[in-house]
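In what follows, every heavy atom counts, from backbone to side chain, and hydrogens, waters and symmetry copies are set aside. Protein chains get the first letters and strands the later ones, always in sequence-line order, with residue 1 at the start of each.
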2 protein chains.
Amino acid sequence: MTVPTPALQPLDTRRVTLTDRTLNAVREGIRTGTLIPGELYSVYRLAEELGVSRSPVRDALLRLAETGIVNFERNKGFRVVLPGPKELAEMIAVRISLEVPAARRAAHNIGLDKENKLRTVYEAMEEAAKNRDEPKFMDEDQKLHGVILKLAANSYVERVIDTLRDATRLVGSSTIKGSRDLNAVLVEHRPIVEAVLAGDAVEAGRAMDTHLRKTGRVLLADAVKRTETGHDPNELWERLID
Amino acid sequence: MTVPTPALQPLDTRRVTLTDRTLNAVREGIRTGTLIPGELYSVYRLAEELGVSRSPVRDALLRLAETGIVNFERNKGFRVVLPGPKELAEMIAVRISLEVPAARRAAHNIGLDKENKLRTVYEAMEEAAKNRDEPKFMDEDQKLHGVILKLAANSYVERVIDTLRDATRLVGSSTIKGSRDLNAVLVEHRPIVEAVLAGDAVEAGRAMDTHLRKTGRVLLADAVKRTETGHDPNELWERLID
DNA sequence: AGGGGGTGTGTCGCATGTTACATGATAGGC
DNA sequence: GCCTATCATGTAACATGCGACACACCCCCT
């Protein structure tokens, strides 16, 4: 002992690495349209533009390749692959499969939610809807789903859903606007929150299910329209989702 | 044109990279016990042992770290983290959530199974059980689940389950022996196969559900006993799975 | 005798050099 | 005028160099 114990932070031993920052930069680039899907890029040039060496850039891109967001082609470069309607439908199916049981578990474990985080977030959503603050609304929406997953206490589920979110953020960002009213989305969340808070597992699952299906339908229809592939959204839905 | 077209193979352009081979080597090392979980290793030494440079080793380990199988500690090394009872329970929960709907989809899409792969694999399982050939049996078991996932036609689900398998293979490899008869496991699969082949979605889901729950229970109980943590398997099950 | 600081070793993270390959342009034979 | 071989260019995959940092050990000072 030397001194009264300074009670400092564990001092994030995790100095943010260049790889992580590159990862975010690439995500941002995709989101803002700087990186065009389908186009061929090279680690060399990207590293140069970001002002770092090739190693962290390569590491970051390999991580994205792991989840299918980018695609490496040996001796040629890499491409950003954004999910088409089929991929989107698959992701929706996964979300339904995982988040509905998660909602049930959340209702079951509601006692763990010490500080009523769920209600807090929902109220923030209400507030954002009232102010027509769409970015904020989207953000709180994500957060709400995140809180429910946390309550379900399954880190693998959290991880999978996180990566899916990563892949869909680009697709879904501009979808709500125009096609659905913020309030419509809001009221869908209410029964979920109520059921979870009441500890009613069955109802929580049911509410989550209807919510995901509704938004899924909209997302899918929108994606099909946008990409102009010959896909029929109903047929896709029928084939991949119950 | 020069010659009658020799009709050669497309010659897999995908030269197996050192990273991939390292990946397999590490998996193998974990499986065979050469790499001890919890122990501290270094990329340097591992690269030297494998006779390659640090880059592909690092790439491979980063990929494993992505899925949580190994854990990097800055300036110290990396550890192999094998899943404990809690993690195992989480994985079982994910498998139930994803594979039960997948079985339903598979029954729905059974028309796509042109060559009766499902029946072929099941018969191979029967054969292996008859011969008491456990490794073969395990292998065909995996394959059977794989075929069902393929029929469900959702690549994301396939990917997630694949990584889970990767993480659980070590845990589950020695479990069956002694605790369950091969035939007992076999007969659990029969109703699944029958239902899928008959196109009975509801029954396929039900059968898959009971199968996964039964084996999950056994796996979990075994893991708890083996690790000697104070966990209660029933409590874990109750908390993470329905 | 005990504690504190210096030092040596080992590690990751990042930078940079090297190699083999894919592709498009170009020159040369028929 | 076509077809082919050669070459120039650009790339990922792999090898290696380097600095900062964590930790263990040991010596020295109190």
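Going from atom CD of A:Glu48 over to atom C1' of C:dA15 covers 14 Å, rounded to whole Å. The CG atom of A:Leu18 sits 7 Å away from the C1' atom of C:dC14 (whole-angstrom rounding). Between A:Asp59 atom CG and C:dG13 atom P the separation is 9 Å, expressed in whole Å. One atom, CG of A:Asp20, and another, P of C:dC12, lie 17 Å apart when rounded to the nearest Å. Between B:Leu61 atom CG and D:dC14 atom C1' there is a gap of 15 Å when expressed in whole angstrom units. Atom-to-atom, CG of B:Leu46 to P of D:dA15 comes out at 13 Å; the value is rounded to the nearest Å. Atom CG of A:Leu23 and atom P of C:dG13 are 14 Å apart (whole Å). Between the CZ atom of A:Phe72 and the C1' atom of C:dA22 there is a distance of 16 Å, rounded to whole Å.
Taking every side-chain heavy atom of A:Asn75 into account, C:dA20 is the closest of D:dA15, C:dA15, C:dA20. With C:dC21, C:dA15, C:dT11 as the choices, the nucleotide that has an atom nearest any side-chain atom of B:Ser42 turns out to be C:dT11. Distances from the side chain of A:Tyr44 to the nucleotides D:dC14, D:dA12, C:dA15 place D:dA12 closest.
B:Ser55 comes within 4.0 angstrom of a nucleotide base, judged by non-hydrogen atoms across all strands.
Ranked by how close their nearest DNA chain C nucleotide is to the 5' end, B:Val43 and A:Ser53 are led by B:Val43.
For A:Lys76, no side-chain nitrogen or oxygen approaches OP1 or OP2 of D:dA12 to under 4.0 Å. Listed pair B:Arg58 / C:dG13 meets the phosphate criterion, a side-chain N or O lying under 4.0 Å from OP1 or OP2. Distances shown here put a side-chain N or O of A:Thr19 below 4.0 Å from the OP1 or OP2 atom of C:dC14.
Between the side chain of A:Arg239 and the backbone N or O of B:Asn109 there is no donor-acceptor pair closer than 3.5 Å. Distance alone, capped at 3.5 Å, is enough to place a donor-acceptor pair between the A:Glu87 side chain and the A:Gly84 backbone.
A tilted orientation is assigned to the rings of B:Phe78 and B:Phe72, their planes being inclined by 30° to 60°.
Judged by distance alone, with hydrogens and angles left aside, B:Arg54 brings a side-chain donor or acceptor within reach of the base of D:dG17, the pair sitting under 3.5 Å.
Between the CG atom in A:Leu151 and the NZ atom in A:Lys117 there is a gap of 9.5 Å [rounded to 0.5 Å]. Within the model, atoms OG1 of B:Thr215 and CD1 of B:Ile92 stand 7.5 Å from one another, a figure rounded to the nearest 0.5 Å.
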